[in-house]
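Notes to accompany the following structure.
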Amino acid sequence: MELEADGRTVRLSSPDKVYFPARGFTKLDVARYYLAVAPGITRALRDRPTTLERFPDGVEGESFFQKRAPKNLPDWIPTARIDFPSGRSADEICPTEPAAVLWAANLGCLTFHPWPVRGDRTDHPDELRIDLDPQPGTDFADAVRAAHELHAFLDELGLTGWPKTSGGRGLHVFVPIEPRWTFTEVRRCAITVGRELERRMPGRVTTAWWKEERGERIFVDYNQTARDRTIASAYSIRPHPHAPVSAPLRWDELDEVTPRDFDLATMPVRYAELGDVHADMDQHRHTLNGLLELADRHDHDHGPSDMPYPPDYPKMPGEPKRVQPSRARHEK
């Protein structure tokens with residue numbers, strides 16, 4: 001069948017294929033969902049190199065991440081060249097209109113993973129993304145408490161954060177920034193945010209990279225700001241049986257909602273009523289000077305201290321030994 005989005009027609013094959021057996025949602029339901037929230041998800045993806053998380057046979061089938069733009073890419077979907085930490089590069093799609101989202105949905109894409117950069121400045125992020133990840137023994141309510149403390153901290157620095165559910169148990173907070181800093185500098189700011197939350201919420205928040213050290217705390221995953229690390233976009237469907245979505249939120253509703261409130265069926269209703277509650281997110285961009293000054297003070301008081309990178313990264317300058325603490329003790 002054919003669907004229309006802002007005047008462009010997109011072909012949808014196998015519209016009756018079931019993608020979410022537990023709920024009975026089909027490929028057509030996925031496409032109609034993305035049409036219902038089209039301005040919102042287009043705003044979240046616009047001009048950003050985007051990795052597609054594809055489930056051609058539905059959520060219970062095999063999946064894969066597609067970073068490189070496919071050979072059959074329509075000429076109306078632009079791309080941008082991005083560089084990976086390995087030194088390799090690829091051209092990724094940069095959605096600019098709702099039809100691009102529909103085209104990806106036809107390929108079985110459920111979740112969109114945009115880089116925190118625009119296609120014309122791929123080495124300079126324009127978002128500081130804070131990932132509040134509940135560890136075993138904690139839940140969404142714990143993430144909400146950490147988010148409120150984060151909100152207060154950002155206010156003190158004159159920064160505006162925009163919260164959303166992850167689509168799982170956690171929360172993401174995005175801060176629009178001027179595209180002046182490198183990935184390394186933005187990651188340093190994320191580490192600084194995490195350390196400040198640790199200081200303000202001892203025993204409740206951690207930046208410990210190794211799982212064995214995290215305990216029952218909210219993990220601030222600072223490595224989500226490293227190059228080639230992405231976070232599911234706002235409005236993306238997440239690959240769980242009940243078809244949850246990553247829901248943009250207002251700060252004043254954090255205490256009133258749960259992640260299961262937002263799914264493929266309920267989000268269109270919310271969107272029809274409220275629109276995109278993050279529509280103004282790109283209207284004002286912030287400087288990272290305050291966070292970088294705080295990072296400098298930490299280094300002055302405690303000595304320079306980077307944190308471990310993900311295991312697939314090359315060894316980075318200033319990085320501590322990338323060895324699991326229990327293993328390091330055993331080797332001694």
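Predicted model, so just to flag it, every value in this text is computed and none were measured.
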Polar side-chain atom of K27 near backbone of G108 as donor-acceptor pair, under 3.5 Å: no
Main-chain N/O of F112 paired with S236 side-chain donor or acceptor, under 3.5 Å: yes
Hydrophobic cluster identity match, F25 and M267, side-chain contacts under 4.5 Å: yes
same_hphob_cluster(F219, W210) at 4.5 Å side-chain heavy-atom cutoff: yes
Pair S246, K164: side-chain N/O donor-acceptor within cut-off below 3.5 Å: yes
Any donor-acceptor N or O pair under 3.5 Å, side chains R54, Q66: yes
T96 OG1 to R46 CZ distance, which is reported to the nearest 0.5 Å: 7.0 Å
Side-chain heavy atoms of [X] within contact of [Y], under 4.5 Å:
X	Y	result
P74	W103	yes
I191	T207	no
R200	L150	no
L107	P56	no
F140	S166	no

N-O pairing of E273 and R270 below 4.0 Å: no
Lys/Arg-Asp/Glu bridge criterion (N-O < 4.0 Å) met for R43, D282: no
CA sep, side-chain torsions, deciding dist, call: V220, L132, side-chain contact (heavy atoms from CB on, under 4.5 Å): CA-CA 5 Å; V220 181; L132 302 176; 4.0 Å; yes
Neighbour count >12 (heavy atoms, 6.0 Å) for atom CZ, R32: no
Pair D261-T266, side-chain contact (heavy atoms from CB on, under 4.5 Å): steps then yes or no: CA-CA 7 Å; D261 293 338; T266 61; 5.9 Å; no
Do [X] and [Y] have ring centres separated by under 6.0 Å?
X	Y	answer
H286	H284	yes
Y271	Y235	yes
F20	F55	no

Of E216, R217, R214, the residue whose pairing with Q135 passes side-chain hydrogen bond (donor to acceptor under 3.5 Å, both in side chains): R214
Cation-pi check, R187 onto Y309 ring (under 6.0 Å, within 45° of axis): yes
